[in-house]
Amino acid sequence: MSAWTTAIEAKWQAKWYAARINEAERDERPKFMIIFAYPGLTGYLHVGHMRGYTYVDAIARYKRMCGYNVLFPVGTHATGNGAISLAKRIKERDPKTIEYLLANGCPEDVIPHLTEPMDVVNFFNEVYQNQYWRRFGFLADWRRFTSTTNPDYGKFIQWQFRKLNDAGLLIQKPYFAPACVECGPVAIDASETDLSKGGSAETTEYTLLKFRCGDLFLVAATLRPETVYGQTNFWVNPEVEYVKVRRGDETWVISRPSYEKMSYQKDGLELIGTVKGSELIGKEAVAPVIHRPIPVLPAAFAKPDVGTGLVTSVPSDAPDDWMALLLLRENEEAMARYGLDPEKVRAIRPIPIIDTKGYGPMPAVEMIEKMGITDGNDPRLEEAKKQIYKDGFHTGRMNETCAEFAGLRVDEAKELIKKMMIDAGEAEVFYDLSEEVVCRCGKPVVIKKVPDQWFIDYGNPALTEATKAHCRSMHILPPEFYTNVQGILDWFRERACVRQGNWLGTPFPFDPKWIIEAISDSTLYPIYYTISHYHNTGLLKLEQMTEEFFDLVFLGEGTVPDVAAATGIEPGLLRRIREDVLYFYPLDINLGGKEHMTVHFPAFLKNHVAVLPSELWPRGIFVNWYVTGKLGKISKSKGGAEPIPDAAGRFGVDALRLYYAHIAAPFADVEWDEGNIESYSSRMERVMRTVEELKGLKGKERSVIDQWLISRMNNRAGNIAAAMDDYDLRRMANEAYFETLADVRWYIRRGGNNADTAARVLSMWVRMMAPITPHIAEEMWEGMGQKGFVSIAPYPEPMVDEIDRPAEVAEEYLADVMSDINEILRVTGISPKRIMLYTAPEWKREVHSIALEMAAEGSLTVPGLTKAVMSRDGLKRRGKEAADFARKTAEDLMKRSEAEKKRLSVKLDELSYLTGSSAFLSKEVGAPVEVYSADDDSAPDPQKKARAAGPRRPAIYVE
RNA sequence: GCGGGGGUAGUCAAGCCGGACAACGACGCGGGACUUAAGAUCCCGUCCUUAGUGGUUCGUGGGUUCGAAUCCCUCCCCCCGCACCA
C-alpha cells in the first residue's frame, strides 16, 4: 500500500503542478482566498501541525470544485531569534541540536552549512514547502511564497507601519521589559528559547514606599500598597548590609541586590555608602500617607533579594508581620540587644483596615490563631498570606480608617492609593521577576527600562469599536470564538511593536535602530500575497515598492500615471496589480491554531481595520485545535514526533488527510495514535475495493434499489453542501467515506447491478472525495476513463428531483424488518427452517392513517382518535379490538417527532415490497421467507402471530 | 487572579439553537460466512433484561418541560491562553 500511495502521490502532484491548476490568476469567476497563519520558522514541524494546513487545502479544493477561483498562498514567518539561536547552536555543534536535525532527516552534509541565521531560514523555507506542503499535495500558489525576512516583505511592512503612524496608532513611552544584562531584550516564555533558566517567571510590580528617617529614606517594597493605612512599624533585617543610594535630592536605603536591579530601571542612581541593618533598628521612620512616625524593628524574614529587603509592617492583614511581632514581643534578649523598649513593642496593635467577608477586622491575626502557627519559618505562613490576599482583594472593602478610600473595593482602592502616593512623591514603581531568570549566555535577566519604546495603540477606542462591529458580520469559527472575540478586542491594549537586540526582521521605518517584532509584522500580510508573485517573478523590482506604490495598489490613493512616473513601473502593470488586489481581497478565511485567539487574530483584525478601507476587511476566521501526544505535548518518546515525510510514506498522504478531516471536530484536541491512522488507511482500501466492485457491475436492468441509491447520493450531496457552509470537513468526510460507502455496500448486497447507476454513482462519489483524498481520487477518476483532473471537476450538487423519498422509506422499512428478524433469531437461538411475515390488516392501516392525519393537523389525542375510529362503521364493528388499537396507536404516535411522523406518512405498499424482496430476505437470513397479509385467512399461521401485525411492523413467525 | 474550553457507554469520539436517543462512527471484543488453515474481506452482536418487549443510562445533586446528553442553578474534576512568545 505505502509504496503504491507514495508513487501515485508523486505522479499526481507532478501533473497538477505542471498543469498549474494550483495557480490563481484573476478571471471572471467569483474568487475565494484562504490562508493558514504562516508558521514561525523555528525548526522542523511535526505531524500535529499538518492538521490545520490540511483543513485549508481541503476547503480550498472544495471551493475550487464549486466554481471559485481559489487563491491559496503560503509563506513562513522568520522574524525573531528562532533561526539565530538555531544557527548558533549548530555552529557550536550542540549535540542535542545535531541529533534533532538528523532525526528529522536533515542530510548530514547540509548541517555545516546551517551556521548562519539566513542559511537556516532558507533551508527551512525549502523544507516547509517541499517536505510538508507539496508532499501533502497542497494546491497552493507557490509563485506567491513569501517569508518575513525577504527584502520585499520588509518594504511592505515598512509601508504598513507608515500607515499605522498616519492613523495616529504609533505611540512612544517608557516600557519595562525583561532583558539580559549582556545580550539585551529576551523573551520570558515557557519554551525558554532565549533562556537557560526561569521560563515561567512573571514580572511583578512592587510599589516602593519611602519612609523618612532623619536625612535618609528607608524604601520598602510592597505588593499591597492599599494597606498603608494599617502600618504599625517597619522591618529591617539586622544581619543585612544595606546600601545608601542617591536618588535625585534623596538618599535611599535599600538592599544591594535591589539597587543593582533598580539601576536598570531608574536613571541616575548613585551608590554612596552602606549601612548595617542593625544600625537602623530602634529608630523611627515617618510612614507615607499616614505621616506618623513608626518604630524600626528587626525581622529575619526581610530578605535582601526580595523587593528592597525592607518591609513595612501591616500586622492586621499580613501574617508574616503579625507573626514577627508576636515573636519579637516574647524575645526579651533581642529587644535588649537592640535597645528596644519592651513596653513600646508590646503596645503595638494591629490596625484594622479592610472588611473581608468571612473574616473579622484583622484577618492575619485571626488566621494565625486558627492555623495555630507559632513559628516564623512555618511554610503555612505563605499559604495564609495567599489566602488572605485572595479573599481580601476580591471581596474586601476598605473601612473607615482609610480616609477617602473608605467603602471602596480593595481592587479599586489599590490602584487609586498607589497613584495618590506616586503623585505625592511618596512612592515609586519597581519591577522585579518572580524567580531567578538566566539568559542562554549565562548572565542574569533583569527588568530593564526602555525609555522610548514604540507601541501600537490597539486600545484606541474608535479602532476597537469599528473592529468589534465588523467582527459581528464575519464568519468566525468556532461560534464560541465569534462571541469571545468581542471581549478579546476590548482587552487587547497597546502593544510594544519593536525591539532591539539580536533579532531578524524589518527595521522600523522611523528609527532603524529598532526591529519590528514578531507579532507586529504578521498582521496585515495576507494582502501582500495578492502581489508577492510580481516581485518573485521579477516583474516588480525592490526599489519600485515605494510608499506611493503601496498607497496606490492597496488603498487606491494617487494616480497610475503619477506612480508610474515616480517608480518606473509600467502603467499597465500597476493597473493589473491594483485590480488583482481588489479582486482577491478581502481574505475569506484566515485559519490558525488556538494559540492565535488572543494574540494574532485580534492584531490581524485591528490592523486591517486601521489600515485598509472597509471593503477589504477580512470575512472569516477559522480556529483549529491541536494534535497532542499521549501526555500533553507531542514528543519523541511518546510518539507522534516522527517527521512528516516519514509519516506520509508509512501511512499515505491521503490516509493522513482523511484522519485530520475526520478524527474529531476541528475545535477539540486529539491525541496522536497511530492506530487511528491505520484505521483510516484501511478505510481508504475499503473504499477503493468497493469502487472496483461498482466498476465491475454490468447489468442493464433497473430496479427499486437503483432509484434508492441515486436518491441517497443526491441526499449525500445535499448534506455535504450544507455541512460545507460551515466548512465542516468532518461531516463531509462522514458522508463521503462512511455513509456513502455503507449505501453502496447495501446496494451491492441488495443485488444492485446496473452499469448506468454504477457509473453515475462513481462519478459523484469520486468527486465528493477529491478535496480530502485528492491523489486516490485522481487515480480512481482516471481509472474510470474520465478526462481531466477530478481536482478541477465540478463538485456534485444535489438534484432535488432525483431524491426519491418513498424509495428510501421503503428500504429503511426493509432494513427494520430484517433487524427484527435477526433480533428474534438471536434471542431465541432458533435456526430457522422457514419464516413467515404478516403485514398489517386493512383496518389497522385505516386507523393508522386517521391517526396520522389528526397528528398532522395537531389534533391527535387518545379519546379523539377513539371517537374518530368509532364513527366509522367498518371499524366500529371490531369493537374493543379497534378501540385498543386506536389507543395504542395514538399513544405511540404522540411520542414521535415531526420528522418521524412524516416518514410514517410516506405511502408504502408493505405487502408488495416485502414480497418483491423475499428472495433477498431469504438469502440474508438463510431460510425461506414467506410473506402474507394478515387479512389473508388462508395463510398458514400456526401460532396466530398475524394478530400482532401492525402498520410498518409486520408480524413475524419463525419455525 | 483574569479570560476561555471540557467531563458521553471498554477506548477514541459525534450529538449539545429540547423531541426519529440506548444515543452516528471508529477501534477493541464476541459470533457467523468465506478459506485446508491463518490473515484479509463480508455480515450480525456488544448497558441489563427479552420472540422483535421492557428497564436504567450521557461527571454530581437539584430545577424548568408533556418530553433533556441537549436549557437553568449547586458542587466535584480536568485542560488551555494571559502579551514582545509564534
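In this text the structure is predicted, and so the values were computed from the model without any measurement. Proteins get letters first, then strands, A, B, ... in listed order; numbering begins at 1 in each.
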A:R493 side chain: which of B:A83, B:G6, B:A86 is closest?
B:A83
When you measure from the side chain of A:E480, which nucleotide among B:G5, B:A51, B:G52 comes out closest?
B:G5
Counting any heavy atom closer than 4.0 Å, what does A:T828 reach on the DNA or RNA strands: base, sugar-phosphate only, or nothing?
base
Regarding A:R952 and A:D816, does a basic nitrogen lie under 4.0 Å from an acidic carboxylate oxygen?
no
Where protein sits on nucleotides 12-19 of chain B, one letter per nucleotide: B base, S sugar-phosphate only, - none, heavy atoms under 4.0 Å:
-SS----S
With the side chain counted from C-beta on, respond yes when A:Y482 and A:L477 share a heavy-atom pair under 4.5 Å apart, and no when they do not.
no
Can you tell me how far the CD atom of A:Q172 sits from the CG atom of A:D511, to the nearest 0.5 Å?
7.5 Å
Cation-pi between A:K173 and A:F455: NZ/CZ under 6.0 Å from ring centre and within 45° of the ring axis?
yes
How is A:R731 classified with respect to the nucleic acid when contacts are heavy atoms under 4.0 Å: base, sugar-phosphate, or nothing?
nothing
Provide the distance between the two P atoms, one in B:G61 and one in B:C75, to the nearest whole Å.
15 Å
Establish whether the base of B:A83 is bridged to the side chain of A:R495 by a donor-acceptor pair shorter than 3.5 Å.
yes
May I ask you to check whether over 12 heavy atoms, not counting those of A:K513, lie within 6.0 Å of atom NZ?
yes
Taken to the nearest 0.5 Å, the spacing of A:K468 NZ from A:D490 CG works out to 3.0 Å
Lys/Arg N to Asp/Glu carboxylate O, A:R493 vs A:D457, below 4.0 Å:
no
Given atom CD1 of A:I956 and atom C1' of B:U53, what is their separation to the nearest angstrom?
13 Å
With a distance cut-off below 6.0 Å to the six-membered ring centre and an angular limit of 45° from the axis, does A:R683 pair with A:F738 as a cation-pi contact?
yes
I'd like the C1' distance from B:U64 over to B:U11, given in whole Å.
35 Å
Just the rounded figure in Å: distance from C1' of B:C80 to CG of A:N484.
13 Å
Please give the stem ranges for RNA chain B, sorted by first residue number, where a stem is three or more consecutive Watson-Crick or G-U pairs and both donor-acceptor distances are under 3.5 Å.
B:1-7 with B:76-82, B:10-12 with B:25-27, B:28-33 with B:41-46, B:61-63 with B:71-73
When A:T598 and A:E739 are each assigned the nearest nucleotide of RNA chain B, the 5'-most assignment goes to A:E739
Would you mind reading off the distance between A:K945 atom NZ and B:G52 atom P, rounded to a whole angstrom?
8 Å
Whole angstroms only, please: what is the CD-P distance between A:Q486 and B:G3?
17 Å
Distance between the P atoms of B:A14 and B:G25, in whole angstroms?
15 Å
For A:K594 and A:F492, take the nucleotide of RNA chain B holding the closest heavy atom to each; which residue's nucleotide lies nearer the 5' end?
A:K594
Using the C1' atom on both, measure B:C17 against B:G28 and round to a whole Å.
35 Å
For the C1' atoms, the ones on B:U53 and on B:C43, what distance do you get once it is rounded to whole angstrom?
25 Å
What is the distance, rounded to the nearest whole Å, between atom CG of A:L825 and atom P of B:A33?
15 Å
Does A:K594 count as lying over the ring of A:Y626, i.e. NZ or CZ under 6.0 Å from the six-ring centre, within 45 degrees of the axis?
yes
Is the aromatic ring centre of A:W491 closer than 5.5 Å to the centre of the six-membered base ring of B:A83, with the two planes inclined by less than 30°?
yes
Going 5' to 3' through nucleotides 41-47 of chain B, assign each nucleotide B (protein heavy atom under 4.0 Å from a base atom), S (under 4.0 Å only from sugar-phosphate atoms) or - (no protein heavy atom that close).
SSSSS--
Answer with yes or no whether the side chains of A:Y737 and A:T773 bring together a donor and an acceptor at under 3.5 Å.
yes
Without decimals, in angstroms, what is the distance between A:I488 CD1 and B:G81 P?
14 Å
Please report the distance separating the C1' of B:G45 from the corresponding atom of B:G10, rounded so that it comes out in whole Å.
16 Å
Compute whether any side-chain donor of one residue and acceptor of the other, for A:D521 and A:Y153, lie under 3.5 angstrom apart.
no
Quick one: label A:P478 by what it contacts on the DNA or RNA (base, sugar-phosphate, nothing), any heavy atom closer than 4.0 Å.
nothing
Flag side-chain contact, heavy atom, 4.5 Å: A:W503 against A:W514:
no
Does a salt bridge link A:R826 with A:E823, judged by any charged N lying under 4.0 Å from a carboxylate O?
yes
To the nearest angstrom, the CD-P distance between A:E415 and B:G1 comes to 18 Å
Measuring only the C1' atom in each nucleotide, how far is B:U70 from B:G63? A whole number of Å is fine.
15 Å
Please check if any side-chain donor atom of A:R745 sits under 3.5 Å from a side-chain acceptor atom of A:T690, or the reverse.
yes
Pick the P atom in B:A23 and in B:C78, then give their distance to the nearest Å.
33 Å
I need the CD1-C1' distance between A:I821 and B:G32, as an integer number of Å.
17 Å
